[in-house]
Novice: 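There's a structure below that I have some questions on.
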Amino acid sequence: MENDLIRKELEVVLNELGAPAGAITLERPRDPSHGDLSTNVALTLAKRLARSPREIAEEIANKMDLAAAQVESVEVAGPGFLNFRLASSSVALVIDEILKDDESWGRSDVGKGQAVMVEFVSANPTGPLHVGHGRQAALGDAISCLLEWTGWVVHREYYYNDAGRQIDQLMGSVRARYRQLLGEREPLPDDGYQGEYVKDVASVLLGDVGDRYLKDDSREANDEIRAFAVKMLRDEQDRDLSDFGVHFDQYFLESSLYAEGLVDAAIQALTETGLVFEHEGATWLKTSHFGDQKDRVMVRGNGQPTYFLPDVAYHATKWERGFERVVNVQGADHHGTVDRVRAGLQALGLPEGYPEYVLHQMVRVMQDGQEVKFSKRAGSGMTLRELYERVGVDVARYFFQMRKSEAHLLFDLDVALDHSDKNPVFKVQYAHARMCSIFRKAGIDHKSVRSGAANLGLLEHDLELDLVKRLAEFTDVVKRAARDLSPHILCDYLEQAAGAANSWYHAGNPSRNPKLTVLIDDDGLRDARLALARSVQIVLHNGLTLLGINAPEKMIRADEEES
RNA sequence: GCGCCUGUAGCUCAGCUGGAUAGAGCAUCGGCCUUCUAAGCCGGCGGUCGCAGGUUCGAGUCCUGCCAGGCGCGCCA
């Protein structure tokens, strides 16, 4: 790739200068008069080399082998930037590379095949998934894909609590609704779950077992109700996620930690560190020793472990299962647990900063300027399924991914329901579909467009060159989005690439400017433009696929949808 | 009170490891339709980057203080 060639050449020159290359930033200057690509290495090296940035820049410029870097010219500008103008042959290089790589264009090997676990969603099975889980599901899946595309081997994991207090509350709620169905006047427990879904569970339970549990308040009966409710709600969550296109490699049950003695083992291991102490009848871990705000209780006065303990035990299994890198995607409301979990793991000898966290802020769904707050079924906020059944899976996934995770997400239903280019998802999908329509119109199978077949030097209009440069950035963008665990970087790019593609496409509208039409009479030019159209198609397809979104070959019009 | 996140155009948001004149979409204003699908296109208007200091050749970006909003601070999970 052109960027790589320049970067490589820069590294060679920097080594000659005795300034071993760190990461070299190549970026596209905002001002096109500054060339196609620009780097600030000279500025960043000024201090280290104790020389003026301009002087360093001049030397780099003189020593560079322009032909090797596929660069037409390099100039020193401003305080010491190096501005590159790409050789026209680089256009051909980019397009040929894209056509050759096709569905794997954009992949790289940063991760070198190392294993990484991404844990996400991890909702308790006490009710339907809501929109916040949706954001997490979309984010976690996209982050997983980004890591896969950059050479990591990803394990998607879902952890759920199938044993604790909240499950008891669920059981109590179901039991109350079940007895109500049998005519009893039993109220929902104070801390019970309000949603309609509890009645559904109770009603199915009634159909299954009749009135067997009406008077039976035994431990066995309650265990059976609990298991029934968990099973049913787990199944519902699975369906919700599966229909949302999100799948996991493993579901990890909290109860298995106890069953396999891992919680006791954690107590044992922590105790051996000497950081454990007794205070007011409880057992504490000195997590403050590792930067936590205060020490935490491990085992309560009543002998029961707090949630902290299985949490540490669980994350320790991740390390023991061979995952030296772990990314946890969680709601920001859980950020208080980050320091204490890491402290617990550090006490066990795991590295500082393990695991990594992506904390996402809340989702607010807005319509007509009003917040949509209620779902009868969930008894609280809108459920994930309610959302994507309204706006479609593609739109929902994209909206969840298009903002950086640490910012609040305003999910605007009015925009989501808009089927024009105002909706960023459709803007990108349209651009892809438009490329497909060119091939349909031409009666050509787009797969028949091959690398090296066209004279790409014929592409010389600004709109075309601009588009090619944009396409060339794709691999770097994927790397950066993966590095920062930030799918929104890719969304941003896709919108820009789609914008450039749409501009090019519309400029070539035969009624407007026949000379820019792809399907022009001149065979050579036409082939070159078809190669560009195919490249656009590949980049948009790969980008959308990475985000778990369809890249349709044809958009369905609303008036066609009716029938 | 303490901790974390956020504050950039009327609205929703980008802004990479500190780099050149702070960008996009929407809204608004002006122009353009029998199209390789106008569900669109082209152009204009619009910002003391929350405030005040500091570091630096250079700060939206880093540091300190303050202001506003969100979240978290349990022998809950």
Side-chain angles (χ1 to χ4, degrees), chain A residues 22-25 27 29-31 34 38 40 43-44 46-47 52-53 77-81 83 124 126 161 164-167 169 191 254 279-284 293-294 296-308 310-311 331-339 359-362 366 369 402-410 412 414-415 418-424 426-427 430 433-435 437-442 476-477 480-481 483-484 486 488-489 491-493 495-496 499 502-503 505-512 514 516-520 529 533 554-555 557-559:
Chain A
I24 296 171
T25 307
E27 55 177 28
R30 274 190 277 278
D31 184 342
H34 290 142
S38 170
N40 65 346
L43 292 155
T44 60
K47 205 161 263 174
S52 92
F81 290 98
N83 293 338
N124 288 338
T126 53
N161 168 344
R165 166 84 62 93
Q166 294 185 19
I167 300 295
Q169 289 170 14
D191 53 2
E254 186 190 2
H279 179 66
E280 292 180 357
T283 309
W284 300 63
Q293 278 203 287
K294 51 181 171 182
R296 306 293 171 180
V297 172
M298 288 168 38
V299 183
R300 288 180 260 171
N302 64 7
Q304 293 292 313
T306 61
Y307 188 73
F308 169 64
D311 229 19
D333 53 338
H334 290 97
H335 79 255
T337 65
V338 172
D339 282 347
L359 300 176
H360 67 86
Q361 291 289 345
M362 305 293 103
M366 303 285 285
M402 71 182 179
R403 303 295 181 221
K404 60 180 165 203
S405 60
E406 60 267 38
H408 292 261
L409 175 66
L410 203 133
D412 189 333
D414 299 316
V415 177
D418 189 317
H419 280 214
S420 77
D421 277 10
K422 286 172 193 164
N423 183 332
F426 286 100
K427 176 176 176 173
Y430 268 115
R434 282 180 181 121
M435 297 304 118
S437 84
I438 292 174
F439 288 101
R440 265 200 307 280
K441 184 88 178 180
D476 272 355
V477 169
R480 190 153 53 86
R483 182 196 69 199
D484 295 349
S486 296
H488 79 273
I489 290 172
C491 294
D492 234 51
Y493 168 81
E495 285 173 54
Q496 286 172 27
N502 285 334
S503 294
Y505 172 87
H506 286 295
N509 183 322
S511 71
R512 196 171 295 138
L516 270 178
T517 295
V518 174
L519 302 177
I520 198 165
R529 285 180 180 160
K554 192 174 194 298
M555 298 299 278
R557 287 169 174 266
D559 48 358

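Just so it is clear, the values below take in all heavy atoms, side chains as well, and ignore hydrogens, waters and symmetry mates. In what follows, every chain begins at residue 1, and chains take the letters A, B, ... in the order their sequences are listed.
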Novice: NA contact type, A:H335, heavy-atom cut-off 4.0 Å: base, sugar-phosphate, or nothing?
Specialist: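 Result for A:H335 = base.
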Novice: Indicate, with a heavy-atom threshold strictly under 4.0 Å, whether A:H279 touches base, sugar-phosphate, or nothing.
Specialist: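 The residue A:H279 makes base contact.
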Novice: What interatomic distance, in whole Å, is found between P of B:G69 and the corresponding atom of B:C76?
Specialist: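 Those two atoms are separated by 32 Å.
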Novice: Mind checking if A:G164 touches a base, just sugar-phosphate, or nothing, with heavy atoms under 4.0 Å?
Specialist: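 No contact.
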Novice: Go through B:G40, B:G70, B:A27 for me and flag the one nearest to the A:R434 side chain.
Specialist: B:G40
Novice: Looking only at atom C1', what distance separates B:G50 and B:G70, rounded to whole Å?
Specialist: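 B:G50 and B:G70 have their C1' atoms separated by 15 Å.
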Novice: Answer with base, sugar-phosphate or nothing: what part of the nucleic acid does A:D492 contact at a heavy-atom distance below 4.0 Å?
Specialist: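 Answer is sugar-phosphate: A:D492 comes under 4.0 Å of backbone atoms only.
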Novice: Roughly, in whole Å, what's the span from CZ in A:F426 to P in B:A38?
Specialist: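 Taking atom P of B:A38 as the reference, CZ of A:F426 is at 17 Å.
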Novice: If you write RNA chain B from 5' to 3' in dot-bracket form, with Watson-Crick or G-U pairs under 3.5 Å, [ ] for crossing pairs and | for pairs with another strand, what do you get?
Specialist: (((((((..((((.....[...)))).(((((.......))))).....(((((..]....))))))))))))....
Novice: Would the base of B:A20 count as contacting A:N83 through its side chain, where contact means a donor and an acceptor less than 3.5 Å apart?
Specialist: yes
Novice: Going by modelled atom types, is there a donor-acceptor pair between the base of B:C16 and the side chain of A:R480 at under 3.5 Å?
Specialist: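 In this structure, the two groups form a donor-acceptor pair.
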Novice: Check every atom of B:U12, B:G7, B:G3 against the side chain of A:L410 and return the nucleotide holding the closest atom.
Specialist: B:U12
Novice: Counting heavy atoms not belonging to A:R165, are there more than 12 under 6.0 Å from its CZ?
Specialist: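 12 or below, so no.
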Novice: Using the P atom on both, measure B:U61 against B:C26 and round to a whole Å.
Specialist: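 Pairwise P distance, B:U61 against B:C26, rounds to 29 Å.
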Novice: Under 5.5 Å between ring centres and under 30° between planes: does that hold for A:Y505 against the base of B:C36?
Specialist: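 It does: the ring sits over the base of B:C36.
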Novice: With a 4.0 Å cut-off on heavy atoms, is A:D412 in touch with a base, just the backbone sugar-phosphate, or nothing at all?
Specialist: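 Counting heavy atoms under 4.0 Å across all strands, no contact is made by A:D412.
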Novice: Return the nearest nucleotide to the side chain of A:K294; candidates are B:G74, B:C42, B:G70.
Specialist: B:G74
Novice: Can you find a donor-acceptor N/O pair under 3.5 angstrom joining the side chain of A:S38 to the base of B:A20?
Specialist: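 Yes.
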Novice: How about A:K294 and A:W284: do any of their side-chain heavy atoms sit closer than 4.5 Å?
Specialist: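 The answer is no, as the side chains (C-beta and beyond) never meet within the 4.5 Å cut-off.
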Novice: Please state how far atom CZ in A:R403 lies from atom C1' in B:G15, giving the value in whole angstrom units.
Specialist: 14 Å
Novice: With respect to the side chain of A:K404, which nucleotide from B:G40, B:C42, B:G7 is positioned closest?
Specialist: B:G7
Novice: May I ask you to say whether A:R480 pairs ionically with A:D492, meaning some side-chain N is under 4.0 Å from a carboxylate O?
Specialist: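 Salt bridge absent between A:R480 and A:D492.
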Novice: Rounded to the Å, how far apart are A:Y493 OH and B:G25 P?
Specialist: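 To the nearest whole Å, that distance equals 17 Å.
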Novice: At less than 4.0 Å, is any side-chain N or O atom of A:S420 found next to OP1 or OP2 of B:G40? Yes or no.
Specialist: yes
